[in-house]
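None of these values were measured; they are calculated from a predicted model.
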Amino acid sequence: MPTSVLDLLETVPIDLAGSVRWNYPVESNECGIYIVSLSKNPSENSGILKSAPINIEIVKQWSQVCGLKLDNTSNPSVKAIAQRISEFWLPDESILYIGQTSRPLSIRVDEYYKHELGDSSPHSGGRWLKTLSNLRSIWVHYAETPTPEKVEEQLIETFVNGVSSITKTNLRDSIHPFPFANLELYKRMERRKIRKRHGIGNQIKKLSSKYEFIER
């Protein structure tokens with residue numbers, strides 16, 4: 001069944017430290033996890049949208065900066081890229097991204113706010129969130145924990161287990177129904193990353209021909 005932020009945190013368990021609207025400062029100097037959601041209320045799976053509110057102009061700018069590829073094909077149409085991203089939207093879930101940091105939450109979340117598509121830093125993980133047109137209406141819920149990597153893995157796995165069978169069937173990658181902007185899951189014990197099969201290449205711009213970037 002669809003999952004709320006508090007549903008996730010109760011499975012660890014850790015307590016919610018706070019919630020802020022996107023682009024507002026997080027008041028925590030501790031390490032921990034942060035969950036981006038359509039829902040203002042962490043106890044509700046509310047604010048859900050049936051389709052991804054992709055900003056086509058932002059995708060166009062991103063494609064121009066990086067030379068995005070689609071299924072190894074150069075110069076795909078912007079509409080095709082936007083359509084591909086939208087095929088990973090979960091229409092009955094409010095949670096869009098689960099992240100972790102071993103640094104102060106206030107610093108890491110601020111880096112997410114400032115990150116620009118195509119850049120390799122300061123927060124390239126969860127970059128798909130920046131393609132959305134409704135950032136001003138989403139929320140960041142955060143919790144402090146001394147083991148952020150472990151907790152992030154647990155929360156993503158719990159989220160995956162709660163995704164409805166209908167939603168999984170309709171996703172482009174039904175095997176990896178991570179939150180919309182989570183492109184990978186790091187398995188700590190196995191020391192490997194499981195990535196969504198999205199087919200979008202060159203998501204990070206190259207500084208020179210000698211640099212190669214691994215998609216995340």
Side-chain angles (χ1 to χ4, degrees), residues 1-5 7-8 19 21-23 34-66 68-71 73 75-99 112-113 115-118 123-141 155-156 158-185 195-203 215-216:
M1 60 180 295
T3 309
S4 73
V5 171
D7 287 336
L8 285 184
S19 302
R21 189 183 292 276
W22 180 264
N23 223 27
Y34 46 104
I35 303 173
V36 181
S37 175
L38 294 166
S39 179
K40 175 181 179 180
N41 189 332
S43 66
E44 297 179 355
N45 180 53
S46 58
I48 59 175
L49 299 171
K50 291 185 178 181
S51 59
I54 304 294
N55 186 319
I56 198 74
E57 285 302 314
I58 288 177
V59 175
K60 180 180 179 180
Q61 293 170 14
W62 182 25
S63 184
Q64 291 173 339
V65 167
C66 294
L68 295 177
K69 291 185 177 182
L70 191 60
D71 299 329
T73 300
N75 302 315
S77 71
V78 174
K79 288 185 178 180
I81 297 169
Q83 174 60 34
R84 178 62 57 86
I85 294 172
S86 71
E87 291 170 1
F88 292 85
W89 186 259
L90 291 79
D92 56 355
E93 298 284 359
S94 57
I95 291 174
L96 302 178
Y97 180 74
I98 299 171
Y112 202 2
Y113 295 156
H115 185 78
E116 295 187 6
L117 283 168
H123 196 302
S124 63
R127 68 181 74 92
W128 282 9
L129 198 74
K130 295 302 184 86
T131 68
L132 302 181
S133 62
N134 65 332
L135 288 179
R136 292 184 179 180
S137 62
I138 65 177
W139 293 80
V140 180
H141 308 278
L155 295 183
I156 293 176
T158 299
F159 178 91
V160 166
N161 291 332
V163 175
S164 68
S165 57
I166 294 177
T167 294
K168 286 181 182 179
T169 299
N170 291 327
L171 289 174
R172 184 173 187 86
D173 184 358
S174 60
I175 298 175
H176 307 125
F178 307 150
F180 169 72
N182 283 96
L183 303 189
E184 66 183 27
L185 168 63
R195 294 184 171 89
K196 280 181 177 175
R197 299 177 297 185
H198 50 72
I200 303 174
N202 288 3
Q203 294 189 45
E215 301 293 353
R216 296 183 60 196

Take I85 and I200, measure what side-chain contact (heavy atoms from CB on, under 4.5 Å) needs, and give me the verdict at the end.
-> CA-CA 9 Å; I85 294 172; I200 303 174; 3.6 Å; yes
Step-by-step salt bridge (charged side-chain N to carboxylate O under 4.0 Å, His left out) determination, D173 to R197 | CA-CA 6 Å; D173 184 358; R197 299 177 297 185; 3.2 Å; yes
Worked verdict on T131 versus L117 for side-chain contact (heavy atoms from CB on, under 4.5 Å) = CA-CA 8 Å; T131 68; L117 283 168; 3.9 Å; yes
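Between the side chains of E87 and Q83, a donor-acceptor pair is found at a separation under 3.5 Å. Donor-acceptor pairing under 3.5 Å is recorded for the side chains of S43 and N41.
Note: Y112 and H123 have parallel aromatic rings, judged against thresholds of 30 and 60 degrees for the angle between ring planes.
Between the CG atom in D92 and the OG1 atom in T167 there is a gap of 3.0 Å [rounded to 0.5 Å]. Separation of atoms OG (S124) and NE2 (H115) is listed at 5.5 Å; rounding is to 0.5 Å. Put simply, CZ on F180 and CH2 on W89 are 6.0 Å apart, with the number rounded to the nearest 0.5 Å. A distance of 8.5 Å separates CD1 in I48 from CD in E93, rounded to the nearest 0.5 Å. Separating the CG atom in L171 from the NE2 atom in H176 is a distance of 12.0 Å, to the nearest 0.5 Å. Taking CD1 of I98 as the reference point, atom CG of N182 lies at 6.0 Å (rounded to 0.5 Å).
The two residues P91 and K50 make their nearest non-hydrogen contact at CB-O, 3.4 Å. Annotation for N45 and T3: closest pair OD1-O, 3.6 Å, computed over non-hydrogen atoms. Residues R84 and L70 approach most closely at NH1-CD1, 3.6 Å, considering heavy atoms. Taking each heavy atom of W139 and L38 in turn, the nearest pair found is CD1-O, 4.3 Å. In terms of heavy-atom proximity, I54 sits nearest to A82 at CG2-CB, 3.9 Å. L8 and I35 make their closest contact through CD1-CD1, 4.3 Å (heavy atoms, listed as atom of the first residue, atom of the second, distance).
In this structure the side chain of Y97 reaches within 4.5 angstrom of the side chain of Y34, judged on heavy atoms. Between E44 and S4 the shortest side-chain heavy-atom distance does not fall below 4.5 Å. By the 4.5 Å heavy-atom criterion applied to side chains, N134 and L49 are counted as neighbours. At least one side-chain heavy atom of L132 sits under 4.5 Å from a side-chain heavy atom of L96. Within the 4.5 Å cutoff, the side chain of W22 has heavy atoms near those of the Y113 side chain. Between I138 and V36 there is a side-chain heavy-atom pair separated by less than 4.5 Å.
Of the possible donor and acceptor atoms, one in the side chain of H141 sits under 3.5 Å from a partner among the backbone N and O of S39. Between the side chain of S63 and the backbone N or O of K60 there is no donor-acceptor pair closer than 3.5 Å. Although no hydrogens or angles enter the test, the distance criterion places no donor-acceptor pair under 3.5 Å between the side chain of K130 and the main chain of E116. Using modelled atom types, no side-chain atom of K79 and backbone atom of I56 make a donor-acceptor pair closer than 3.5 Å.
Within 6.0 Å of NZ on K168 lie more than 12 heavy atoms contributed by other residues, nucleotides or ligands.
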